[in-house]
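Presented below is the structure to which this report refers.
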Amino acid sequence: MSTARESLVVMKFGGTSVEDAAAMKRTAAIVAGRRAKGLSAVVVVSAMAKVTDLMIASGAAAGRGDRNGALAISERLRTRHIDTAAQLLQGERFVKLRPVIEAEFDALDDLLRGIAAVGELTPRTADLVVSFGERLSSRIVAEAFQQYGSDGQHGLNGAHVDARTCIITDSTYGKAVPREDAIEAKLAELVLPLLLAGQTPVMGGFIGSNEQGITTTLGRGGSDYTAALVGGGLHAGAIEIWTDVNGIMTTDPRICADALRVKTISFEEAAELAYFGAKVLHPATILPAVQKSIPVWVLNSRNAENEGTKITAMAPPCASPFKSIAAKKRLTIIDVVASRMLMSHGYLKAVFDVFDKYQCVIDMVSTSEVSISLTVDSNQRLPEICAELSKIADVKLEGNKALICMVGEDIRGHNGIAGRVFSAISHVNVRMISQGASEINMSFMIDEEDVEEAIRSLHRVFFTEVDETVFDISARTPELHARPAAASSL
Ligand code: ADP
Ligand code: ASP
Ligand code: MG
């Protein structure tokens, strides 16, 4: 393994950080700030905010045969991208980039017409449709980076890289699995020379291609994953995930306005949170970074001065039991009840084999002598799974469930935690409970409609008085701020 390039930082900017010309300018200034400190940067960008959703909608419309509906969405997106480039780029640069953007949209429109004519959207074609989002945003940002400071010594010297030439994956369209060795080789061949020449490579996140060069995607939110793959492949000194909040917070600030920034969190805690629904980070992001011990930062592109959250191998000691609360919605509980006649030592295996056959991920399991309860994503292949399970047991489904996951390395050091958690939400119906499976999380299932209320109640109990070495309370309202910080009594 080659040694880390300490002065290299991979900076990923999410959709809101490139949502319009003003956001792209802020992004350029943030990258220039890093370069001014003597660092070199590879920049990974998402599609402009909401563009991926709209491209998915246009592909779906075309797949239904609604050609005009699909083309209307594409037309709106064309105007938005051209307008953004026009506001951002001066004279000649805009004149040069405009035909590039127009050509991308012409290709997208041809594709949508083709899909509408056939009336079918395959996973492979759906990936090609959504790929335009990152292909376009990265082109515009790269051009903006060429313009930035081009007249002075602090130029960014942007260089566009088509991510599909570097991010090599298998052919699982919609959620492709990256081939890390191939990626590392491509990055060394195509990106490293640009860095050595003092340029700032800019590439789209989320998209890749298989070994035949066919476009793939890494799954929703996958630009974070791209950043981690690029950071891992280039042995970067740090990976920065720039988003629209101050870092990883004690819960989703959209649910709880009092959420606090967590200053430092361990890889393990962050991975658990991401897996269990904290959208701020893609679950797969952490792995390539952990393997190479590359610190990951989550930072706010609208408030670049804020210190953000640092994700590190080891969490510092913390007097508070939990770091954050996440929620994963759209889950279904499957109760599998065996008749006693059928009970045998191979029973559990037979049940799990069914889930394995349909490649269905199980989030939580609880068992008793005759029954097993499991939770899965509601959009999985449930009907087929249930039909098969029915051959060996009685099966009952309960939809519209959510999993609340409370994460913290310090749960184990606190007695009576479960009692405090469940008395905080005594008014909520709790279905399944799991503690200790991973030692750093405590999870339970509730009805989807209770999620917001439950999170607010739990947040009030566990994050009103906190360990100030780990949580930033500076944004607290004066009334809350005034309370004594009795971290040691937690
Ligand atoms: P980006 O487009 O930059 O990738 P995302 O929308 O994917 O941004 O993720 C950022 C959002 O994640 C925030 O606006 C916030 O609402 C949500 N979020 C959920 N849980 C958390 C959490 N624990 N900490 C911070 N943000 C969270
Ligand atoms: N644009 C993609 C999405 O919205 C990937 C990303 O932003 O991370 O899912
Ligand atoms: Mg995201």
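Just so you know, residue 1 is the first one in the sequence shown, and it goes up from there. First listed ligand is number 1; within each ligand, the first listed atom is number 1.
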Report task. Please verify whether a non-hydrogen atom of Gly247 lies at under 4.0 Å from ligand 1. Result -> yes
**Report entry** Cationic tip of Arg98 above Phe94 ring, under 6.0 Å, 45° of axis
**Finding:** no
**Report entry** Protein heavy atom at shortest distance from atom 17 (C) of ligand 1
**Finding:** Asp252 OD1, 3.7 Å
**Report entry** Nearest-contact summary for atom 8 (O) of ligand 1 - protein heavy atom, Å
**Finding:** Thr243 OG1, 3.2 Å
Requested in this report: Please confirm whether Gly221 comes within less than 3.5 Å of ligand 2 when only nitrogen or oxygen atoms on both sides are compared.
Outcome: yes
Query raised in the report: Which residue owns the protein heavy atom closest to atom 4 (O) of ligand 1, what's the atom, and how far is it?
Result: Lys12 NZ, 3.1 Å
Query raised in the report: Short N/O distance, under 3.5 Å, between Gly277 and ligand 1?
Result: no
Query - Residue part near ligand 1, for Thr251, under 4.0 Å between non-hydrogen atoms - result: backbone
Query raised in the report: For ligand 1, is there an N or O atom under 3.5 Å from any N or O atom of Thr250?
Result: no
Query raised in the report: Just checking, is any N or O donor in the side chain of Thr216 or Asn210 under 3.5 Å from an acceptor N or O on the other one?
Result: no
Requested in this report: Check for a donor-acceptor pair, side chain of Lys292 on one end and backbone N or O of Gly232 on the other, with a separation under 3.5 Å.
Outcome: yes
Query raised in the report: Does any N or O in the side chain of Glu211 come within less than 3.5 Å of the main-chain N or O of Ile168, such that one atom is a donor and the other an acceptor?
Result: no
Report task. Show which atoms of ligand 1 fall inside a sub-4.0 Å distance from at least one heavy-atom site of Ile248. Result -> 24 (N)
Query - Location of contacts on Pro253 toward ligand 1, heavy atoms closer than 4.0 Å - result: side chain
Report summary line: Nearest non-hydrogen protein atom to atom 26 (N) of ligand 1, with distance, is Val280 CB, 3.5 Å
Report task. With heavy atoms only and a cut-off of under 4.0 Å, state how Val245 meets ligand 1: side chain, backbone, both or neither. Result -> side chain
Requested in this report: Determine, stepwise, if the pair Arg302 / Glu19 fulfils salt bridge (Lys or Arg N to Asp or Glu O under 4.0 Å).
Outcome: CA-CA 12 Å; Arg302 294 175 179 172; Glu19 65 187 349; 3.3 Å; yes
Query raised in the report: Distance-only, no hydrogens or angles: does the Asp447 side chain make a donor-acceptor pair with backbone N or O of Glu449 under 3.5 Å?
Result: no
Report summary line: Restricting to heavy atoms, the pick from Ser223, Gly205, Ser137, Ala227 nearest atom 8 (O) of ligand 2 would be Ser223
Requested in this report: State, without any angle test, whether His235 and Glu184 hold a side-chain donor-acceptor pair at a distance under 3.5 Å.
Outcome: yes
Query raised in the report: Out of Val202, Val141, Val42, Thr200, which one pairs with Val31 under the side-chain contact (heavy atoms from CB on, under 4.5 Å) rule?
Result: Thr200
Query - Which residue and heavy atom of the protein sit nearest atom 13 (C) of ligand 1, plus the separation - result: Asp244 OD1, 3.5 Å
Report task. Select the closest option to atom 5 (C) of ligand 2 among Glu134, His282, Arg220, judged by heavy-atom distance. Result -> Glu134
Report task. Report yes or no: does Ser324 contribute a side-chain atom to a donor-acceptor pair with the main-chain N or O of Thr250 at less than 3.5 Å? Result -> yes
Query raised in the report: Do the numbers put Lys12 on top of the ring of Tyr225, so that NZ or CZ is under 6.0 Å from the six-membered ring centre and no more than 45° off the axis?
Result: no
Report task. Fit a plane to each ring of Phe13 and Trp242, take the angle between them on a 0 to 90° scale, and name the class: parallel (under 30°), tilted (30 to 60°) or perpendicular (over 60°). Result -> parallel
Query raised in the report: Just by modelled atom types, is the Gly174 backbone N or O under 3.5 Å from a matching donor or acceptor in the Asp127 side chain?
Result: yes
**Report entry** Residue-ligand contact Ser324/ligand 1, heavy atom below 4.0 Å
**Finding:** yes
Report summary line: Contact region, Glu19 to ligand 1, non-hydrogen atoms below 4.0 Å, reads neither
Query raised in the report: What residue and atom, counting heavy atoms only, is the protein's closest point to atom 24 (N) of ligand 1, and at what distance?
Result: Met249 N, 2.9 Å
Query raised in the report: Hey, which atoms in ligand 2 end up nearer than 4.0 Å to a heavy atom of Thr52?
Result: 1 (N), 2 (C), 3 (C), 4 (O)
Report task. Please name the pair of heavy atoms, one in Ala319 and one in Asp467, separated by the smallest distance, quoted to 0.1 Å. Result -> N-OD2, 2.7 Å
Report task. Could you tell me if any non-hydrogen atom of Gly222 lies under 4.0 Å from any atom of ligand 2? Result -> yes
**Report entry** Atoms of ligand 1, numbered as shown, that sit under 4.0 Å from any heavy atom of Ala278
**Finding:** 20 (N)
Query raised in the report: Against heavy atoms of Arg254, which atoms of ligand 1 measure under 4.0 Å?
Result: 13 (C), 14 (O), 16 (O)
Query raised in the report: Any donor and acceptor pair, going by atom type alone, linking the side chain of Ser74 with main-chain N or O of Asp109 inside 3.5 Å?
Result: no
Query raised in the report: Is any N or O atom of Gly15, backbone or side chain, closer than 3.5 Å to an N or O atom of ligand 1?
Result: yes
Report summary line: atom 6 (O) of ligand 1: closest protein heavy atom, distance to 0.1 Å, is Lys279 NZ, 2.9 Å
Query raised in the report: Ser46 heavy atoms, cut-off 4.0 Å: which ligand 2 atoms fall inside?
Result: 6 (C), 7 (O), 8 (O)
Query raised in the report: Ser320 side chain to Phe322 main-chain N or O, any donor-acceptor pair under 3.5 Å?
Result: no
